[in-house]
Each structure stands twice: as structure tokens, then as C-alpha cells.
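Numbers here are sequence positions counted from 1. For ligands, and for the atoms within them, numbers begin at 1 and follow the listed sequence.
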Amino acid sequence: MNFEELVKVARKVENTTSRKEKIRLLADFFSRLNPEEAAIAARLLSGRIFPEYRDVALGVGWSTLREALSMKSTVKPLTTFYAKVTLKELVSVLEKTANTSSRKKKISYIYSLISRMSDEEIEFLLRIIFGEVRIGANIGILLETAAKLAHCKLEIVRRAYMYLSDIGDVISTAIKGGCKALETVKITLFRPVKPMLAAMAYTVEEILREHGGKTALEYKYDGVRVQVHRKGRSVKVFSRRLSDITPYVPEAVSAAEKAGADEFILDGEAVGVEGGKPIAFQEISRRIRRKKDKEKFFSRIPLHVYFFDILYLNGRDLTSLKYIERRRILESICNEECLARMTVTSNLNEASSFYSSAIEAGHEGVMAKRLDSPYEPGTRGKHWLKLKASDTIDCVIVAAEWGHGRRSGWLSDYHLAVYDEKNDRFVRVGKTYKGLTDAEFEEMTKRLLELKVAEEDYIVYVKPEIVVEVEYAEIQRSPRYESGYALRFARIKRIRWDRSPYDITTLEELEKRYQAQHRRGASGENNSSRAAG
Ligand code: AMP
């Protein structure tokens, strides 16, 4: 199948507002493809080039593209008849582009594609590269399309997606094996699954109420999420973005080697420790990205791994077991040192003092886990609730402004956006230049320029890629931004290199927080009353 065909169907999907019609168009298109092509097409239509679990960066910025485009306008083709670019060829050339660090080679690979593309194809390719596909075929719509193709219930497709961690594989499984194949998708060793996530809670009382009067509270460690897979002597560690970070976290590998079983998947958090105290997350996150002098850096900041869940043991998928049963199994294979501190309680005072002890020990807060809840990969629901000492949201940077005075030469004023899931777009909620160190401004400027999509006056528009955790005083309603909200006194708490832009706070969550803030305002509560509930 040629890329041209995909662009045509993308255009049609973009031009219809009916969800049902979008799904019909997509299902009709996929049913004309073989499973391999369908997987590629699904990724491209959702704005991705590679499977999500691979976390590969193309490493192509605007200046590289501009050069490839200018070659197209100056170099005369040898013949006017040329073979159209196929889907498979497109992805294999982009794979080569990602795998080389040579700019010259990147330009020549991109040129080899665009020299054989129409203007419309090039425009769509650029939208893919800059993460701006947004034809309204988001993951939700593609999952519904898979359900239609396989004559399957949506919840079965959703479950398969969480285990496969790739929309392409979901669509190809639906085409290849129908509903039966989707139903039998299983957790597999060395293939990361999307980690389970938590919703926000504001008081201990709310947690107990939500969890039916009794809950398991764990310390919420402030580090890097690790999913550790082991079979015999082979161990791999995956990050929250599903990338393989094994070489960067040897402590997680040795913790897995010490565990009393041969084959398992554990979920946990790796925390930096200095003098027995947890240290700032930023330090560890820097380690994960370190290329040079890894070992020297490692010994400076040792990590400690706290496991809090087990998903798989000796050939058995444990995700449908109750939390409390999984925890017992986890306790039977890990010693106390490697386990997240946990207590089961139905008592408000006891819960409050556990929360206070977590904060006193230098942790972020607590996680509350419903005792009878299964492990639901990729799901952010109320089975897990987080209670933190400070309110923060995760935003993606969509543009940045050149600074003045002391900050001149740096892109230092950042436009922050949350994810509007319904419309598959990022919508702005504010701007800030506060919170970063000089070294971070410098690194940020470099990274943002690599992601540049356009520049207008003093504003540089970028591919939404860099995620930041943002503190704020209040969420206000505001017509200034397309989200309808504005953050008051926004300040960057830290750069979250470990998060993907699809992982950030959604507009729906922001709305809920806005309402919760109003309720709290009305009842006179504030942050300091968390522990007391
Ligand atoms: P947040 O990053 O604020 O959305 O909180 C969720 C993150 O907290 C998870 O992705 C984990 O990386 C981290 N975390 C720390 N301690 C725990 C715990 N005991 N259980 C689950 N997640 C935890």
C-alpha cells in the first residue's frame, strides 16, 4: 500500500466530524491492508512512527527538514516517472534516519522520501514528524475501529492495548485473529506493559470514603518508575515511557536478582538516596539520561528500589488478582528492604499519621490502593489514589519565548498545555519563566530549538514533547487560553524527561481539579488539612 492512499483516507477522516463515520472510514481502509501494513498505518494515523514501547526518537528538526525540502526544489528528477513511497518503505527509511547520528545522512534519507512525494504527502509527513497529525483519529477512535474490525467488545480491545502497548499491534491482531486473538493477549516477559496510574485525592477522609472505608496506604516515593522483568539470569528494566533503561539502573537489576523467584514482572520506584535520605528526583532523572561516565555518576548517587506490585510470576498472569493478594505474593519473594512501606487501615487517625510519617521521612505523600482492585495497566482510575503534599500538574511545552536581560539568549518563557483527550489536541493553560536553574534554561533552549516547528517574532513554536511538572496557586476560568482555564502563579517544579506528552494532565482532570478547588475553597480547607482529612 502506498503512503498516498493513507494520506487520502487521513484527509477524509479529518473532514468528517462524525465519530461513527470516522470509524467506518478507518475500518474500511484497514480491511484493505495486510496486518503488517495496517500496524504501520495505525501508528502513522495516530501521529506515531514507531511502536510506543520502543520510544525511538527520529532526531529530525526543522533545519534538517528545510535542507531536504530545498534539495527537492533545486534538484531536477532524472525522470518524471517514479515509484510512489509505500508504507513499509516509509517506515524503514525513517528507522534508518532515527538510527544514524549523521545529519548529512538524515537529510539524504528524508530527501529520498520527499523527492517522490506530492505536496500533500509531504505536508502529512511533516505533520507526523512534528507530532501534529491531529486528524481526530486518536487512540480512542482507533481502539473503537479495532473493535469494529474484530466484532469485539471495546473493553476487550482496551485491555489488549494495555498489554501490547502499541496501537499498531492492536489493529494488526484484530485483523489477523479477530476477537479471539485480542481476548487471548497476555502479559509477556520482556514486553513492557503500560503502568497503572493513580487519580488525585485531596484528603485522607476522601480516600477512605472512596475505598469503602478500608484501604492500603503506601509511601509515595519520588523517583523513577521501574518495571522489572526477570527470567533466570536475564533482567530488563523499563521506564514509565516503556523504554529499556536497564544500563542506567543496576540497583534495580541486583534487587531483581536477589528476589526469591526466577520469572516475574515487578512494579516499583527507584529513588536516589544520600545519607539515608531520599534526594531530589531531578538528580536521578539526570542519571537516566547520562551517556558518558555512567559508572562514576552511579556511585555518587546510589539508588534504592522499592517494589509495590507484582504482575507476573512463573508463567502466571497475576493482574486480575486482588491488590492484597498480589501484595502477599510480592512479600513472599522480596525482603522488607525492597518493599514499599505499607499499612492497611480503616482508621482516620492511623491513616493521617501514616501520611505524616511519609512526609517526615522526606517522601512525596502516600498512595492509597483499593484492597480488592486488579492491576489495570495504563489506567488512571480511583483504585489507586495519590495524596501529595503539594498540588502539581504535568504540562507539555508547546511554545517558548526568547528571554530578556539576564535571560537573553535563552528560550525562557514557556507556554504550558494540557491534553484535551476528546479533541486529541494540546490546549494552553498558562505561561511561566519561573523554576528552572541557569543550566536547565540552557539545556531547555537547546532541546526546544531541536523541536522547533515555526518561529514568529520572539515566539518559537515547538513539537509538544517536553513535559514539565508545574506548581500553581490556583486554577482560574479564563477566556485567554483555548482550554478555558489559566493557572495562577505557575512555576515549573521540575522537567519530567521520563514522561511522554500523552501521559500528562488531561483537560478533564484539570476541570475536576478546578471543581475540587472550589469545593475546598467553600469548606475552608487547604493543603495543611490533608493529613487531618
Ligand atoms: P504522579 O507522578 O504524581 O502521577 O504519581 C504517580 C507515580 O508515583 C507513579 O507513576 C510512580 O512512579 C510513583 N510512585 C511512588 N510510590 C508509589 C507507590 N507506592 N505506588 C505506586 N506508584 C508510586
Side-chain angles (χ1 to χ4, degrees), residues 192-202 207 211 215-228 237-243 245 249 252 266-273 278 280-282 284-285 288 303-311 323-324 326-327 330-331 334 336 338-344 354-355 357-359 361-371 373 375-395 418-419 467-472 493-500 502-506 509-510 512-513 530:
V193 298
K194 290 178 172 270
M196 183 161 172
L197 301 169
M200 191 84 189
Y202 294 96
I207 285 178
H211 285 181
T215 193
L217 293 178
E218 294 174 357
Y219 278 8
K220 185 176 190 306
Y221 301 97
D222 191 7
V224 172
R225 184 93 178 241
V226 285
Q227 192 178 104
V228 183
V237 185
F238 299 97
S239 72
R240 179 169 167 152
R241 290 189 75 161
L242 312 180
S243 37
I245 51 166
V249 280
L266 302 181
D267 194 0
E269 187 89 351
V271 189
V273 196
F281 160 89
Q282 209 74 337
I284 325 160
S285 141
I288 301 280
L303 289 182
H304 189 92
V305 181
Y306 296 96
F307 292 117
F308 48 73
D309 219 314
I310 178 160
L311 283 63
Y323 162 83
I324 199 68
R326 297 195 311 276
R327 172 80 191 195
L330 181 66
E331 286 173 2
C334 291
E336 209 184 319
C338 285
L339 286 169
R341 270 284 293 277
M342 188 275 272
T343 188
V344 174
F354 188 82
Y355 171 82
S357 74
I359 300 295
H363 304 297
E364 226 188 347
V366 291
M367 277 286 199
K369 303 193 172 167
R370 212 189 155 96
L371 298 176
S373 60
Y375 189 96
E376 294 176 317
T379 309
R380 188 189 294 283
K382 291 196 167 171
H383 286 163
W384 285 14
L385 290 169
K386 57 186 173 194
L387 180 63
K388 300 204 275 190
S390 69
D391 275 352
T392 59
I393 60 168
D394 291 333
C395 295
V418 296
Y419 183 45
V467 177
V468 285
E469 190 177 338
V470 179
E471 290 174 318
Y472 56 88
K493 189 172 172 203
R494 53 203 176 177
I495 310 167
R496 302 286 326 214
W497 300 109
D498 59 326
R499 302 233 164 142
S500 100
Y502 293 98
D503 231 8
I504 63 171
T505 304
T506 60
E509 269 167 25
L510 193 78
K512 278 193 200 139
R513 272 166 190 256
R530 279 161 204 273

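The closest protein non-hydrogen atom to atom 10 (O) of ligand 1 is R225 NH1, 2.8 Å. Among protein heavy atoms, the minimum distance from atom 15 (C) of ligand 1 is reached at Y221 O, 2.9 Å. The closest protein non-hydrogen atom to atom 1 (P) of ligand 1 is K386 NZ, 3.4 Å. Ranking protein heavy atoms by distance to atom 5 (O) of ligand 1, first place goes to K220 NZ, 3.0 Å.
Looking at every heavy atom in both residues, R225 comes nearest to W384 through NH2-CZ3, 3.6 Å. When all heavy atoms are compared, the tightest approach of D503 to R240 is OD2-NE, 2.9 Å.
Summarising the contacts of atom 12 (O) of ligand 1 with E269, M200, K388, the nearest heavy atom is found in E269. Of all the listed residues (W384, F307, F308), F308 holds the heavy atom that lies closest to atom 18 (C) of ligand 1.
Applying the 6.0 Å contact sphere to NZ of K382 captures no more than 12 heavy atoms from other residues, nucleotides or ligands.
Looking at D498 and S239, their side chains never come closer than 4.5 Å, going by heavy atoms from C-beta outward. Residues Y375 and K369 fail the side-chain proximity criterion, which asks for heavy atoms closer than 4.5 Å. For the pair L217/H211, no side-chain contact is recorded, criterion being any heavy-atom separation below 4.5 Å from C-beta on.
Applying the 4.0 Å criterion to heavy atoms of R499 picks out, from ligand 1, the atoms 1 (P), 2 (O). Within ligand 1, counting atoms from 1 as listed, the ones closer than 4.0 Å to a heavy atom of M367 are 6 (C), 8 (O), 17 (C), 18 (C), 20 (N), 21 (C), 22 (N), 23 (C). Atoms of ligand 1 lying under 4.0 Å from any heavy atom of K369, numbered from 1 in the order shown and given with element: 18 (C), 20 (N), 21 (C). When each atom of ligand 1 is checked for a heavy atom of R240 under 4.0 Å away, the hits are 2 (O), 10 (O). Listed by number with element, the atoms of ligand 1 under 4.0 angstrom from any heavy atom of E218 are 18 (C), 19 (N), 20 (N).
If you look at E364 next to ligand 1, there are no close heavy atoms at all, none under 4.0 Å.
Tested against T505 for a side-chain contact (heavy atoms from CB on, under 4.5 Å), the candidates I393, V467, V470 yield a single pass: I393. Each of V271, V226, L339 was scored for a side-chain contact (heavy atoms from CB on, under 4.5 Å) with Y306, with one residue passing: V271.
For ligand 1, one of its N or O atoms has an N or O atom of Y219 under 3.5 Å away.
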Applying salt bridge (Lys or Arg N to Asp or Glu O under 4.0 Å) to R496 and D394, what does each step give before you reach the verdict? CA-CA 8 Å; R496 302 286 326 214; D394 291 333; 5.3 Å; no
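For Y306, the heavy-atom gap to ligand 1 stays at 4.0 angstrom or more.
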